[in-house]
J.: 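Sending over a structure as structure tokens; questions will come in a sec.
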Number of protein chains: 2
Amino acid sequence: MARRANDSGPETRERALDIAEELVQRRGFNGFSYADIAGRLGITTASLHYHFPGKAELGRSLIQRYAERFAARLAEIEAAIPGARDRLEAYANLYAALLREGRFCLCGVLAAEYETLPAPMQEAVTAFFDQNEAWLTQVLEAGLAEGTLQLSGPAAAAARTIVSGLEGAMLVARPYGEVERFKAAAVQLLESLARAAPV
Amino acid sequence: MARRANDSGPETRERALDIAEELVQRRGFNGFSYADIAGRLGITTASLHYHFPGKAELGRSLIQRYAERFAARLAEIEAAIPGARDRLEAYANLYAALLREGRFCLCGVLAAEYETLPAPMQEAVTAFFDQNEAWLTQVLEAGLAEGTLQLSGPAAAAARTIVSGLEGAMLVARPYGEVERFKAAAVQLLESLARAAPV
DNA sequence: GTCTATAGGCAGATAGAC
DNA sequence: GTCTATCTGCCTATAGAC
């Protein structure tokens with residue numbers, strides 16, 4: 001169905017979240033203001049308060065949407081890519097894509113500012129990491145079952161080290177503006193923690 | 001030499017840096033104010049401006065002192081610990097000690113806020129990572145020469161993956177308040193990237 | 001070195017009109 | 001939904017006295 005002439009397109013609320021997401025990924029939750037978002041939207045901060053009562057609620061909505069979209073991407077990977085090894089590579093590429101735009105994982109930034117976040121945001125941040133670890137654990141276990149991967153310990157432990165290793169690789173690579181730095185670390189990390197089983 | 005009776009002890013400047021360091025490690029550079037430091041010191045913000053003209057200069061001094069102290073610790077490790085494998089473990093323990101106090105690596109936090117930092121601080125952050133990578137590279141190469149370590153690639157590449165892997169392990173472990181999470185990741189990281197050579 | 005006093009700006013937020 | 005107007009508070013910073 002076509003949009004009406006006076007339809008502003010994507011809901012203001014969604015566009016606000018898009019802008020806020022980018023701002024947090026680039027500058028951190030304490031590094032932007034309502035005025036930054038309102039300015040880019042072409043509305044006033046008062047109007048923005050209509051959509052989000054406060055910055056805490058905005059932040060909460062931000063993580064929730066991010067986690068849902070991330071889960072959808074993980075589901076897509078499972079649907080489109082059969083092998084465990086290739087799924088891991090696709091997973092790392094989700095992060096590389098962010099970095100290519102100069103962004104950082106939303107929950108990675110928020111983890112750095114954790115102590116300053118309102119409680120509801122804090123819980124959502126750890127839930128995101130839990131979600132990632134659970135997905136990776138399942139991929140690694142599938143790789144073991146297929147016989148395509150070798151691990152030196154429990155899958156859950158490897159999953160944790162991979163998640164944190166990739167977050168750290170992004171954290172350090174971004175100041176240098178070198179996506180290659182991230183990729184090299186990611187490859188080495190995956191190859192040494194979940195190496196391909198010999199044929 | 002004994003201190004005079006009216007000597008306030010450690011210079012106010014140094015005490016200010018101590019407090020600022022802790023605040024940044026816990027809350028980030030955009031998560032504290034001059035008032036936080038002045039309040040804890042029992043002086044006014046105006047007095048604090050006497051020691052540091054602005055927040056940018058304070059931040060710059062902070063990183064510089066942090067990097068110098070860190071370098072001193074690395075030198076101590078080299079002086080006190082002979083084997084490459086044990087040196088790596090001691091290196092990881094430097095980070096674990098921070099985490100035990102609920103702190104994060106100063107430059108790790110600053111990397112997350114990188115885009116919002118004044119230029120002189122930005123350069124100092126990457127210099128810190130460079131310093132760490134250089135030290136680790138040299139330790140890894142010594143381990144290769146001794147025949148006590150096995151690497152799957154160049155020492156410099158492994159060093160980068162170790163630095164970023166440890167930073168990430170801290171980043172993710174802190175929200176959970178679990179030092180064990182960091183330690184498990186650190187052990188796994190070191191064991192798979194710089195494994196002990198078989199006897 | 002530290003103070004009082006104060007400036008000027010920006011933050012998040014609210015009331016009420018349209 | 002968006003506006004104008006306004007509030008209160010905090011922030012960094014400066015001038016000038018002690």
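Every chain is numbered from 1 and lettered A, B, ... according to where its sequence line falls, protein lines coming before strand lines.
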J.: When the distance from CG of B:Asn30 to C1' of C:dA11 is rounded to whole Å, what number comes out?
T.: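 Computing the B:Asn30:CG to C:dA11:C1' distance gives 13 Å.
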J.: Can a salt bridge be assigned to the pair B:Glu11 and B:Arg13 using a cut-off of 4.0 Å between side-chain N and carboxylate O?
T.: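 Salt bridge between B:Glu11 and B:Arg13, a charged N being under 4.0 Å from a carboxylate O: no.
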J.: Side chain of B:Ser47, heavy atoms from C-beta onward: which of D:dT2, D:dG1, C:dC3 has the nearest atom to it?
T.: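 Among D:dT2, D:dG1, C:dC3, the one nearest the side chain of B:Ser47 is C:dC3.
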J.: Respond yes when some side-chain nitrogen or oxygen of B:Tyr50 is under 4.0 Å from OP1 or OP2 of C:dT2, and no when none is.
T.: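 No, because none of the side-chain N or O atoms of B:Tyr50 sits under 4.0 Å from OP1 or OP2 of C:dT2.
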J.: Grab the CD1-P distance between A:Ile37 and C:dC10 for me, whole Å please.
T.: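 Roughly 17 Å, once rounded to whole Å.
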J.: Treating primed atoms plus P, OP1 and OP2 as sugar-phosphate and everything else as base, which nucleotides of nucleotides 12-18 of chain C get B, S or - for protein heavy atoms under 4.0 Å?
T.: SBBB---
J.: For the pair made of CG in B:Leu58 and P in D:dC11, what is the distance, rounded to whole Å?
T.: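 The answer, rounded to whole Å, is 14 Å.
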J.: Tell me, which pairs form a salt bridge (charged side-chain N to carboxylate O under 4.0 Å, His left out) where one or both residues lie in residues 34-61 of chain A, sequence neighbours left out?
T.: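 Listed once each, the pairs are A:Glu22-A:Arg40.
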J.: Tell me every residue that passes ring-ring contact (aromatic ring centres under 6.0 Å, His included) with B:Phe52, counting only those two or more places apart in sequence or in another chain.
T.: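 Residues passing ring-ring contact (aromatic ring centres under 6.0 Å, His included) with B:Phe52: none at all.
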J.: Measure the distance from CG on A:Leu48 to P on C:dA11 and round it to the nearest whole Å.
T.: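 Value for this atom pair: 13 Å.
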J.: Can you list everything that forms a side-chain contact (heavy atoms from CB on, under 4.5 Å) with B:Lys183? Sequence neighbours excluded, please.
T.: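 side-chain contact (heavy atoms from CB on, under 4.5 Å) list for B:Lys183, sorted by chain: B:Ala96, B:Arg100, B:Val179, B:Glu180.
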J.: For A:Phe32, what residues pass the ring-ring contact (aromatic ring centres under 6.0 Å, His included) criterion, not counting sequence neighbours?
T.: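 Per chain and number, A:Phe32 pairs via ring-ring contact (aromatic ring centres under 6.0 Å, His included) with A:Phe29.
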J.: Restricting to pairs with a member in residues 154-176 of chain A, which pass salt bridge (charged side-chain N to carboxylate O under 4.0 Å, His left out), not counting sequence neighbours?
T.: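 Sorted result for residues 154-176 of chain A: A:Glu133-A:Arg160.
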